[in-house]
Colleague: 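Below are the structure tokens for one structure; questions will follow.
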Amino acid sequence: MRKILVAEDEQNIREFVVINLKRAGYEAVEAANGEEALRLYERANGDFDVAILDIMMPGEYDGLEVCKRLRKQSSSIGIILLTAKTQEMDKVTGLMMGADDYVTKPFSPSELVARVDAVYRRVAQFSHAAEPNFSEELRSGAFVLNLRNRSFTKNGRPVELTQVEFQIMEYFFSNIGKALKRIDILKHVWGSGYVGEEKIVDVNIRRLRMKIEDEASSPRHIVTVWGVGYRWDQ
């Protein structure tokens, strides 16, 4: 399907994004503000692979609020935020709300398409893993990662993960007890061609701890290895 929702209030930027996405083979649907983006999403019954959201849209729903609402409705849609260099805190807030990535303005067509390609591949991987002939589980103590239906449970209770969070957990479960470097987590989940910052790993780890640890401030499972990265302990 390769269908992208583009929400950006500045027409010239929106048209620039849409033109380059169409050249890359995507179907792009435009929204001039957050309210319109949510209407289009609901009208299409969530039939989008990726949403690109400008953080600073005017009106009741800015990009962060749209991100929050889309993530509540779907754990599988890819979400990319468009930000300005000065919006450092908004980047972290957006990632904590469930965004997969952010692109800082100004950006080149090649950077934008590369980021969309990376997020789209994760969305497609979610769909592929749900095929009936795919069946595998990874277990660690009270946790079960089901690779067939892309689900995660703790003591038998489901924990909702985004596609990025799921891939991080899959990497942890394949390397239990091993210290994993931030750069290796970044390459494994976001791809070797990712040109963003390593702090996106830290924000997603923080979000994961809030979901799966008994006390996020004193994690027992996702342990920080100072000067290196993180380790999964059973």
Colleague: Does one side chain, of Gln11 or Glu15, offer a donor that lies under 3.5 Å from an acceptor on the other?
Modeller: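 Yes, a side-chain donor-acceptor pair sits under 3.5 Å.
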Colleague: If the condition is side-chain contact (heavy atoms from CB on, under 4.5 Å), which residues does Arg23 pass it with, not counting sequence neighbours?
Modeller: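 Here the qualifying residues are Ile19, Asn20.
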Colleague: Tell me whether Arg139 forms a cation-pi arrangement with Phe173, defined as NZ or CZ under 6.0 Å from the six-membered ring centre and within 45 degrees of its axis.
Modeller: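 Here Arg139 fails the 6.0 Å and 45° test against Phe173.
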Colleague: Quick check: closest heavy atoms across Ala51 and Leu70, and the distance to 0.1 Å?
Modeller: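 Heavy atoms only, the tightest pair is CB-CD1, 3.8 Å.
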Colleague: Can you find a pair of side-chain heavy atoms, one from Glu170 and one from Arg150, that are under 4.5 Å apart?
Modeller: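 Heavy-atom side-chain distance check passes, below 4.5 Å.
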Colleague: Determine yes or no for a side-chain-to-main-chain donor-acceptor pair under 3.5 angstrom, with Glu35 supplying the side chain and Glu60 the backbone.
Modeller: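 Present.
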Colleague: Using the test ring pair (Phe, Tyr, Trp, His ring centres under 6.0 Å), find all partners of Phe143 that sit at least two apart in sequence or belong to another chain.
Modeller: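 Expected list: Phe152, His221, Trp232.
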Colleague: Determine, for Asp233 against Arg220, whether the closest basic-nitrogen to carboxylate-oxygen distance falls under 4.0 angstrom.
Modeller: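 Here Asp233 does not pair with Arg220 in a salt bridge, since their nearest N and O are not under 4.0 Å apart.
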Colleague: State whether the side chain of Glu165 and the backbone N or O of Thr162 hold a donor-acceptor pair below 3.5 Å, judged by distance alone.
Modeller: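 Answer holds: yes.
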Colleague: For the OG atom of Ser76 and the CG atom of Asp49, what is their distance to the nearest 0.5 Å?
Modeller: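 Answer rounded to 0.5 Å: 8.5 Å.
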Colleague: Arg71: which residues meet the salt bridge (Lys or Arg N to Asp or Glu O under 4.0 Å) condition with it, sequence neighbours left out?
Modeller: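 With sequence neighbours excluded, Arg71 shows a salt bridge (Lys or Arg N to Asp or Glu O under 4.0 Å) to Asp100, given in chain and number order.
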Colleague: Determine whether Asp214 and Lys154 make a side-chain contact, defined as any pair of heavy atoms from C-beta on separated by less than 4.5 Å.
Modeller: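 A side-chain contact exists here, since the closest heavy-atom pair is under 4.5 Å.
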Colleague: Would you say that Trp190 contacts Arg122 through its side chain, given a criterion of any heavy-atom pair below 4.5 Å between the two side chains?
Modeller: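 In contact.
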Colleague: Testing Ile77, Val66, Asp47 one by one against Tyr41 for a side chain to side chain contact (heavy atoms under 4.5 Å, CB included), which residue passes?
Modeller: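 For Tyr41, the side chain to side chain contact (heavy atoms under 4.5 Å, CB included) check succeeds only for Ile77.
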